[in-house]
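Scroll down for the structure; my scribbles are underneath it.
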Amino acid sequence: MGPFASRINFNTGVLEQYDAKVVRKLSDMASMFANDQAYKQAVSAEDELVYEVFEKHVPEEEGQLAHAVTVIYPGKIGDEYFMTKGHFHTKPNTAELYLCIKGRGGIIMSNEQGKVSYLEMVPGSMVYVAPYWSHRTVNTSDEEFAFLAIYPADAGHDYGSIEQTGFPKLVIDKNGKTELIDNPKWNKS
Ligand code: M6P
Ligand code: ZN
């Protein structure tokens with residue numbers, strides 16, 4: 001593969017020449033939100049779009065850099081903001097760089113020792129996700145939250161451990177303020 005260019009529209013957060021799109025609706029996120037009742041009600045009322053990932057095609061091999069723009073739509077399940085599933089990398093020693101384009105949100109990260117880091121993102125913010133840290137992004141605003149992610153193309157997505165244990169903390173809206181609280185479902189084995 002040779003050099004190529006693409007373009008992000010910084011006003012809309014849209015990656016204009018994407019090759020593939022991943023669509024995640026509420027029904028794709030069973031057991032991810034803490035409030036099961038609120039989740040069931042929301043899915044049966046309307047299976048809302050939670051986020052979309054607009055990707056460029058790059059071979060999944062060592063040395064290549066995958067890059068994608070994710071747009072998380074505004075919304076909440078109970079008091080927990082709309083968010084991505086979150087993952088570790090299958091090759092756990094690989095890092096990732098996030099750049100916020102539009103809106104406001106945050107990224108929650110945790111490692112195998114149960115340490116947690118939460119960093120806010122506004123347009124221009126860059127977050128370095130260190131190797132071995134799982135990562136999930138959260139839209140804490142009432143508009144679209146868009147960011148670019150760049151990562152080794154052979155890093156791989158490991159969703160299994162997040163599905164089993166969740167993140168140690170939830171990112172919630174408490175009377176209009178963003179707060180981190182302990183995740184009652186967190187069952188670190
Ligand atoms: C970012 C990157 C992608 C990831 C996407 C959605 O764009 O980290 O690799 O796929 O966010 O996150 P998730 O895969 O956890 O749903
Ligand atoms: Zn990643």
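Whatever order the structure lists ligands and atoms in, that order sets their numbers, starting from 1.
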Pair K185 + D36: basic N to acidic O under 4.0 Å: yes
Determine whether the side chain, the backbone, both or neither of E96 has a heavy atom under 4.0 Å from any heavy atom of ligand 1. side chain
Aromatic ring pairing F54/Y18, orientation class (parallel under 30°, perpendicular over 60°, tilted between): perpendicular
Which of these, F88, Y51, F147, has its nearest heavy atom closest to atom 16 (O) of ligand 1? Y51
For atom 7 (O) of ligand 1, which of the options I150, V69, T70 provides the nearest non-hydrogen atom? T70
side-chain contact (heavy atoms from CB on, under 4.5 Å) test vs R104 passes for just one of S141, S125, P123, namely S141
Taking distance alone, with no angle check, do R24 and ligand 1 share an N/O pair under 3.5 Å? no
Of all heavy-atom pairs between I101 and G13, which one has the smallest distance, and what is that distance? CG2-CA, 4.0 Å
Check the angle between the aromatic planes of F145 and F147 and answer parallel, tilted or perpendicular using the 30° and 60° thresholds. tilted
Please identify which atoms of ligand 1 are closer than 4.0 Å to at least one heavy atom of G86. 15 (O)
Numbered in order shown, the ligand 1 atoms found under 4.0 Å of a heavy atom of A149 are 1 (C), 2 (C), 7 (O)
What protein heavy atom is closest to atom 3 (C) of ligand 1, reported as residue, atom name and distance in Å? H157 NE2, 3.7 Å
Protein contact of atom 12 (O) of ligand 1 - nearest heavy atom, named by residue and atom, plus distance: T84 CB, 3.7 Å
Quick check: does any side chain N or O of E80 sit under 3.5 Å from a backbone N or O of V171, one acting as donor and the other as acceptor? no
Shortest-distance N/O/S atom, E96 versus the Zn ion (ligand 2): OE1
So how far is it from H67 NE2 to L15 CG, rounded to the nearest 0.5 Å? 7.5 Å
If the cut-off is 2.8 Å, does any N/O/S atom of H157 fall short of it from the Zn ion (ligand 2)? no
N, O or S atom within H135 nearest to the Zn ion (ligand 2), by name: NE2
Considering non-hydrogen atoms only, spot the tightest contact between D19 and H57 and give its length. OD2-N, 2.5 Å
If we number the atoms of ligand 1 from 1 as shown, the ones under 4.0 Å from a heavy atom of V53 are 5 (C), 6 (C)
Can you name the atoms of ligand 1, numbered from 1 with element, that are less than 4.0 Å from a heavy atom of Y98? 1 (C), 2 (C), 8 (O)
Same apolar cluster (I L V M F W Y, side chains within < 4.5 Å links), Y132/Y98: no
Which residue supplies the protein heavy atom nearest to atom 14 (O) of ligand 1, what is that atom called, and how far is it? Y159 OH, 2.5 Å
